[in-house]
Peer 1: 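Please see the structure below; I have some questions.
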Amino acid sequence: MATQNTCHGQLLVLFVIFFFTFSSTGCFIEVESHPLPENHAAFFIFGDSFLDAGNNNYINTTTLDQANFWPYGKTHFRFPTGRFSDGRLVSDFIAEFAKLPLIPPFLQPGFRQYHNGVNFASAGAGVLSETFHGSVIELKAQIKYFQKEVETWLKRKLGKAESGLELSKAVYLFGIGTNDYMSLFLTNSPFLKSHSKSQYVELVIGNLTTSIKRVYDSGGRKFGFMNLPPMGCSPGLRVARGDEDGRCLEELEEYANVHNLRLMKLLGDLEKQLKGFKYSLYDFSSSLRQRMENPLKYGLKEGKEACCGTGRFRGVFSCGGRRGVKEFEVCRNPNEHVFWDSYHLTENLHKQLAHEMWTGSSTSHSSLKDLFQTI
């Protein structure tokens with residue numbers, strides 16, 4: 001009998017190993033069950049590769065917009081999840097601070113429980129539908145998913161009044177816009193020739209305004225925003241210039257600066273126009289630039305060179321060897337770097353930034369903690 005029990009135990013262990021190996025290969029993460037905080041607020045996430053938790057694993061796109069292969073995910077998950085990092089993202093840490101479970105990607109197979117929220121972000125996505133059209137889930141589509149699927153599901157489960165209360169208590173994080181401007185320089189975009197800088201920024205801000213108002217009309221009242229980072233200073237764009245000094249792509253920086261000023265004005269205007277509208281605006285631009293220019297101050301060693309990639313600054317977008325260039329290098333300790341790959345950040349950076357967003361340092365108006373705890 002003891003032998004039989006031992007065999008059953010061994011079979012059970014083998015099954016568990018098989019299950020988690022299979023799950024890891026499929027880039028599936030089981031959402032842990034946590035007791036909900038007393039004043040429960042769901043978390044809904046809209047954005048691009050900085051916030052994509054794996055939606056692009058499930059769409060027809062290219063490896064340029066996917067990260068479901070090794071060594072992505074090596075630090076925390078120990079397998080690739082589709083996140084463009086060695087581990088967790090800002091949104092993962094925010095969920096942890098809010099005592100929520102890991103927020104899954106909307107397209108994860110079999111996931112249809114939205115009480116805690118869901119992540120709609122898609123790598124490569126922009127505010128404009130034209131940005132990398134056909135390869136990503138644009139912001140307009142992300143909002144449509146929210147309204148048609150999540151809002152409908154909550155009303156069916158809770159009724160109109162209770163679902164309205166849940167949606168008003170939820171926090172909505174937006175981190176998008178970078179690709180709308182990067183695409184001007186990475187593709188032969190007709191916008192670059194047909195629009196002035198201010199006209200193009202107004203186009204992006206106008207479309208962003210429409211998306212925010214749609215969430216507001218669905219009941220959303222508490223919004224978190226990240227302004228645009230110094231995207232022209234990423235390793236990938238430093239080497240794109242082709243010069244010897246590896247300077248930032250200044251024209252791209254100018255777009256980001258104009259956008260960030262307009263975003264600040266937009267949110268102030270919306271607060272006056274929309275009853276009950278509350279927001280937190282994180283200065284992603286300044287926070288990232290400070291760490292790039294003075295990494296030692298933040299417990300880092302390298303502010304310009306990526307951990308994973310090849311070439312100067314490891315700026316060639318070859319991490320994982322699935323994007324045309326097979327050769328790539330991986331640094332020994334990602335925690336010492338600002339950048340994980342040519343354009344994206346390490347888990348350590350995501351954690352630092354998330355802490356600032358949560359506590360309110362480097363944010364204007366409210367902290368995310370205040371938004372989650374305000375009823």
Side-chain angles (χ1 to χ4, degrees), residues 47-51 84-85 89-90 123-127 131 174-186 192 197-198 200-201 204-205 208 224-243 245-265 281-309 311-317 334 336-357 361-364:
D48 51 31
S49 58
F50 188 74
L51 295 174
F84 280 78
S85 181
L89 308 177
V90 154
V127 174
T131 299
F174 283 75
I176 196 163
T178 299
N179 291 304
D180 295 298
Y181 301 105
M182 284 181 59
S183 64
L184 297 177
F185 298 88
L186 297 177
L192 194 57
K197 192 179 280 90
S198 60
Y200 189 75
V201 171
V204 174
I205 291 292
L208 178 60
F225 297 92
M226 305 165 64
N227 69 11
L228 299 188
M231 48 197 174
C233 297
S234 64
L237 286 166
R238 284 182 187 274
V239 301
R241 292 173 53 91
D243 59 17
D245 58 9
R247 291 176 298 161
C248 301
L249 186 57
E250 292 301 333
E251 191 174 359
L252 188 51
E253 292 298 281
E254 291 170 11
Y255 274 97
N257 292 336
V258 175
H259 175 98
N260 289 343
L261 289 172
R262 278 295 289 117
L263 177 61
M264 187 183 299
K265 183 179 185 305
L281 174 59
Y282 178 59
D283 192 354
F284 186 16
S285 177
S286 294
S287 292
L288 183 56
R289 188 179 296 279
Q290 288 167 12
R291 286 163 172 80
M292 291 165 58
E293 293 176 353
N294 191 8
L296 292 176
K297 181 180 177 181
Y298 299 93
L300 308 164
K301 290 186 178 179
E302 179 52 60
K304 294 181 180 179
E305 183 179 84
C307 174
C308 185
R312 194 169 184 216
F313 300 117
R314 294 200 181 108
V316 176
F317 193 39
E336 296 177 346
H337 286 246
V338 168
F339 288 95
W340 161 248
D341 67 17
S342 309
Y343 302 101
H344 306 98
L345 308 178
T346 60
E347 179 184 80
N348 188 17
L349 250 290
H350 280 282
K351 185 174 184 178
Q352 290 189 22
L353 302 183
H355 185 264
E356 290 187 346
M357 293 169 69
S361 58
S362 296
T363 62
S364 60

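Worth saying up front: this structure is predicted, and the values here are computed from it rather than measured.
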Peer 1: Keeping Asn227 on the side-chain end and Ser285 on the backbone end, is there a donor-acceptor pair under 3.5 Å?
Peer 2: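 Between the backbone of Ser285 and the side chain of Asn227 there is a qualifying donor-acceptor contact (under 3.5 Å).
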Peer 1: Give, for atom CD of Glu251 and atom CG of Leu184, the distance between the pair rounded to the nearest 0.5 Å.
Peer 2: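 Spacing of CD (Glu251) from CG (Leu184) equals 8.5 Å.
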Peer 1: Give a yes or no on whether the ring-centroid distance for Phe313 and Phe339 is below 6.0 angstrom.
Peer 2: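 Distance test on ring centres: not under 6.0 Å, no.
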Peer 1: Could you tell me which non-hydrogen atom of Gly315 sits nearest to which non-hydrogen atom of Ser342, and how far apart they are?
Peer 2: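 Scanning both residues completely, I find the closest heavy atoms to be O-OG, 3.0 Å.
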Peer 1: Could you check whether any side-chain N or O of Asn179 sits under 3.5 Å from a backbone N or O of Ala125, counting only pairs where one atom can act as donor and the other as acceptor?
Peer 2: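 Yes, the answer is positive, given that a donor and an acceptor are paired below the 3.5 Å cut-off.
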Peer 1: Which atom pair, heavy atoms only, marks the closest approach of Leu288 to Val338?
Peer 2: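 The pair with the smallest heavy-atom distance is CD1-CG1, 3.6 Å.
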Peer 1: Compare every heavy atom of Val90 with every heavy atom of Ala354, then report the nearest pair and how far apart it is.
Peer 2: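 Residues Ala354 and Val90, closest heavy atoms: CB-O, 3.8 Å.
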Peer 1: Is there a donor-acceptor contact under 3.5 Å linking the side chains of Thr131 and Asp180?
Peer 2: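 Distance-only check passes for Thr131 and Asp180.
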Peer 1: Would you compute the distance between atom CD of Glu250 and atom CG of Asn257 and round it to the nearest 0.5 angstrom?
Peer 2: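 Answer for the CD-CG pair, Glu250 versus Asn257, is 9.0 Å.
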Peer 1: Given the rule in the side-chain contact (heavy atoms from CB on, under 4.5 Å) test, do Met182 and Leu237 qualify, once you have shown the distances and angles that lead to the verdict?
Peer 2: CA-CA 9 Å; Met182 284 181 59; Leu237 286 166; 4.0 Å; yes
Peer 1: Can you see which heavy atom on Met231 is nearest to which on Ala256, and at what distance?
Peer 2: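 Looking at all heavy atoms of both residues, the shortest contact is CE-CB, 3.7 Å.
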Peer 1: Side chain of Asp283, backbone of Ser362: donor and acceptor closer than 3.5 Å?
Peer 2: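 No; zero donor-acceptor contacts below 3.5 Å.
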Peer 1: Answer yes or no: is there a side-chain heavy-atom contact under 4.5 Å between Ser85 and Glu347?
Peer 2: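 Answer yes - side chains close enough.
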Peer 1: Side-chain contact, heavy-atom cut-off 4.5 Å: Lys297 with Gln290?
Peer 2: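 Result no, sub-4.5 Å side-chain heavy-atom pair not found.
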Peer 1: Please state whether the rings of Tyr181 and Tyr255 are parallel, tilted or perpendicular, taking 30° and 60° as the class boundaries.
Peer 2: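 Answer is tilted, since the angle falls between 30° and 60°.
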Peer 1: Between Arg238 and Cys233, is the side-chain contact (heavy atoms from CB on, under 4.5 Å) condition met? List the steps.
Peer 2: CA-CA 6 Å; Arg238 284 182 187 274; Cys233 297; 3.9 Å; yes
Peer 1: Hey, can you tell me if Phe317 and Tyr343 have their rings parallel, tilted or perpendicular (30° and 60° cut-offs)?
Peer 2: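 It falls in the perpendicular class, over 60°.
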Peer 1: Looking only at heavy atoms, what is the nearest atom pair of Glu356 and Ser287, with distance?
Peer 2: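 Reported closest heavy-atom pair: OE1-OG, 2.8 Å.
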Peer 1: Report the distance from atom CD of Glu336 to atom CD of Glu302, rounding to the nearest 0.5 Å.
Peer 2: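 Taking CD in Glu336 and CD in Glu302, the distance rounds to 10.0 Å.
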Peer 1: How long is the span from the CG atom in Leu281 to the OG atom in Ser364, to the nearest 0.5 Å?
Peer 2: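 Interatomic distance, Leu281 CG to Ser364 OG, rounded to 0.5 Å: 4.0 Å.
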Peer 1: What verdict does the side-chain contact (heavy atoms from CB on, under 4.5 Å) test give for Leu353 and Phe50, after you've listed the backbone C-alpha separation in whole Å, the side-chain angles of each residue and the deciding distance to 0.1 Å?
Peer 2: CA-CA 12 Å; Leu353 302 183; Phe50 188 74; 4.2 Å; yes
Peer 1: Testing the basics here: between Met292 and Pro230, what is the closest heavy-atom pair and its distance to 0.1 Å?
Peer 2: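 Closest heavy-atom pair between Met292 and Pro230: SD-CG, 4.1 Å.
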Peer 1: Starting at NE2 of His259, measure out to OG of Ser198 and round the result to the nearest 0.5 Å.
Peer 2: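 His259 atom NE2 to Ser198 atom OG measures 14.5 Å (nearest 0.5 Å).
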Peer 1: Charged N to carboxylate O under 4.0 angstrom, Arg289 versus Glu253?
Peer 2: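 Answer for the salt bridge query: yes.
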Peer 1: Kindly indicate, with the supporting measurements, whether the criterion side-chain contact (heavy atoms from CB on, under 4.5 Å) is fulfilled by Leu300 and Leu349.
Peer 2: CA-CA 9 Å; Leu300 308 164; Leu349 250 290; 3.7 Å; yes
Peer 1: For the atom pair CG (Asp341) and OG (Ser49), what is the distance rounded to the nearest 0.5 Å?
Peer 2: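 It comes to 8.0 Å.
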Peer 1: Should we count NZ of Lys351 as having more than 12 external heavy atoms under 6.0 Å?
Peer 2: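 Incorrect, the count does not exceed 12.
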